[in-house]
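Taking it in order: structure first as structure tokens, then the write-up.
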There are 2 protein chains.
Amino acid sequence: MNIQYTHKEEQIFQSALSLILDKGFHGTPMSQIAKASQVSIGTIYHYFESKDDLILQLFSYSKNKVSAFITDSVFDDPITKENYEEKFMIFWRRFISFYLKHPSIFSFLEQFYASPYYEMYQKKYCASNYSEDTINRFLNEGLSLNAIRKMSSHILYTFCLGSVIFLIRNSIYGQKKHTENQINQLIQTIWNGVKI
Amino acid sequence: MNIQYTHKEEQIFQSALSLILDKGFHGTPMSQIAKASQVSIGTIYHYFESKDDLILQLFSYSKNKVSAFITDSVFDDPITKENYEEKFMIFWRRFISFYLKHPSIFSFLEQFYASPYYEMYQKKYCASNYSEDTINRFLNEGLSLNAIRKMSSHILYTFCLGSVIFLIRNSIYGQKKHTENQINQLIQTIWNGVKI
DNA sequence: GCAGTTCGAATGAACATTCAATACACACAT
DNA sequence: ATGTGTGTATTGAATGTTCATTCGAACTGC
């Protein structure tokens, strides 16, 4: 599941991410990625077929980082109807805190999903989204345990993820940062929406 | 408040929007916008200083369209604690249906907010976001009427808008369209989250 | 030697932008 | 009405820049 990347590749990915965070996809030429990652342009083209390829792989790379983080520590001990609420809180807190710690990944993914690359990606790899699956698995667990009010699982997913992502977006781009307390308030409100 | 645009400008804006919907900002050269709007490149540069300028003005244009739509028919008769829930439902249904009818505006705004243009815009015009204000005004009304549970108004905003936007995004880009029923389910869930 | 890396100047394509020429619209004078 | 002037609108070929991408040479470790 988790592909290993060489040191060079990591270097290139990280530089690309941080450039893209403040210049955007297309404000970030290969030449700058090369400079930032301390390699020549030629080297980048040794590892990646093209800029599109780089961006597509950067997407996989980013998703892997996210998945690796989300998965652990929520599924290790069994989920029950009784501990679901607690897990729910922990799950989303972790989710939010991950992206706040890695704004460049967040920003990249946002741009990617809102761009024609995403469609390109779906056509090329038609792979199902792993982190999406993880989230869905967790939410569906809640549905079938009767810890969450009956509703379309797709709507449930949209509801939770939407507000959480929007919070992160505002935190990263917006002027007003969120306090720990506000984050808890949001998650609490989400829970109010879905609890039985 | 509402600027009038000439016929030519409208034409250019509309063509630009529809190209951007499927090609993105940077996949849309000026030459194509010209062709699509049946004018020469020179004409575009007669009306707009540069591509950046065009995009910045397209942003204002789009926001005006949205604002014009959102405002009416929710604020005409007074909001009370008793009718707030009903207004809440209507408000968000209208919001969603507007964007589903105008996917190119949605897509453009999404890309814009996630791009460095937004920052550029804030610096240049430092204008407050009108549609944001409209939404906030409506939500704050709910808070002060005690129709909505006490919480940070910023979190309230994030919570509602986030999930709604995410629904629209999925509907437009995703493979699975949403039924009327699912949309109602979402709004109902949002209401559950915030109601007293 | 050989396979795998790294380099960066050279190439060519795509694109934003310019500008000089042309067409149009309207006012005013004859 | 007919010309004449003036400003505005429109055109698209020409320009220059920015980039993605190529490739042959040089370097590395084995």
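Lettering of chains follows the sequences in order, A, B, ..., and the numbering in each one begins at 1.
Applying the salt bridge (charged side-chain N to carboxylate O under 4.0 Å, His left out) definition to pairs two or more places apart or across chains, those involving residues 113-122 of chain A are A:E119-A:K123. Residue pairs meeting the salt bridge (charged side-chain N to carboxylate O under 4.0 Å, His left out) criterion with at least one partner in residues 185-196 of chain A, sequence neighbours excluded, are absent. Within the structure, salt bridge (charged side-chain N to carboxylate O under 4.0 Å, His left out) contacts touching residues 157-166 of chain A (residues at least two apart or in different chains) do not occur. Applying the side chain to side chain donor-acceptor pair (under 3.5 Å) rule to pairs touching residues 37-51 of chain A yields A:S40-A:T43, sequence neighbours excluded.
Using a 4.5 Å heavy-atom cutoff, the side chains of B:Q11 and B:Y5 are not in contact.
No chain of hydrophobic side-chain contacts below 4.5 Å, direct or via other Ile, Leu, Val, Met, Phe, Trp or Tyr residues, connects B:L167 to B:L21.
Between A:E10 atom CD and A:S15 atom OG the span is 10.5 Å, to the nearest 0.5 Å.
In this structure, B:N184 contributes its side chain and B:R93 its backbone to no donor-acceptor pair below 3.5 Å.
Under the salt bridge (Lys or Arg N to Asp or Glu O under 4.0 Å) criterion, A:E110 pairs with A:R169, B:R169, sequence neighbours left out. Every residue two or more places apart in sequence or in another chain that forms a ring pair (Phe, Tyr, Trp, His ring centres under 6.0 Å) with A:F112 is listed here: A:F59, A:F108.
Using a 4.0 Å cut-off on heavy atoms, none of the residues of residues 15-23 of chain A approach DNA chain D. Using a 4.0 Å cutoff on non-hydrogen atoms, no part of residues 30-37 of chain B comes near DNA chain D. Near-neighbour residues of DNA chain D inside residues 40-53 of chain B, defined by a heavy atom below 4.0 Å, number-ordered: B:S40, B:G42, B:T43, B:H46, B:Y47.
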Donor-acceptor list for residues 138-152 of chain A side chains, cut-off 3.5 Å, not counting sequence neighbours:
from   : atom 1 : to     : atom 2 : distance (Å)
A:N140 : ND2    : A:N136 : O      : 3.1
A:S144 : OG     : A:N140 : O      : 3.2
A:S144 : OG     : A:E141 : O      : 3.2
A:R149 : NH2    : A:G193 : O      : 3.1
A:S152 : OG     : A:H154 : N      : 3.2
A:S152 : OG     : A:I155 : N      : 3.1
A:S152 : OG     : B:Q182 : NE2    : 3.3

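Across A:S163 and B:T158, no two heavy atoms sit closer than the pair O-CG2, 3.8 Å.
Chain B approaches DNA chain C within less than 4.0 angstrom (heavy atoms of the protein), and the contacting nucleotides run 5' to 3' from C:dC15 to C:dT18. Boundaries of the chain A contact region on DNA chain D are D:dC19 to D:dT22, first to last in 5' to 3' order (nucleotide atom under 4.0 Å from a heavy atom).
A:Q122 and A:Y118 are linked by a side-chain donor-acceptor pair at a separation below 3.5 angstrom, with hydrogens and angles left out of the test.
The aromatic rings of A:F106 and A:Y173 lie tilted to each other, with the angle between the two planes from 30° to 60°. Classification of the A:Y99-A:F95 ring pair by plane angle, with boundaries at 30° and 60°, yields perpendicular.
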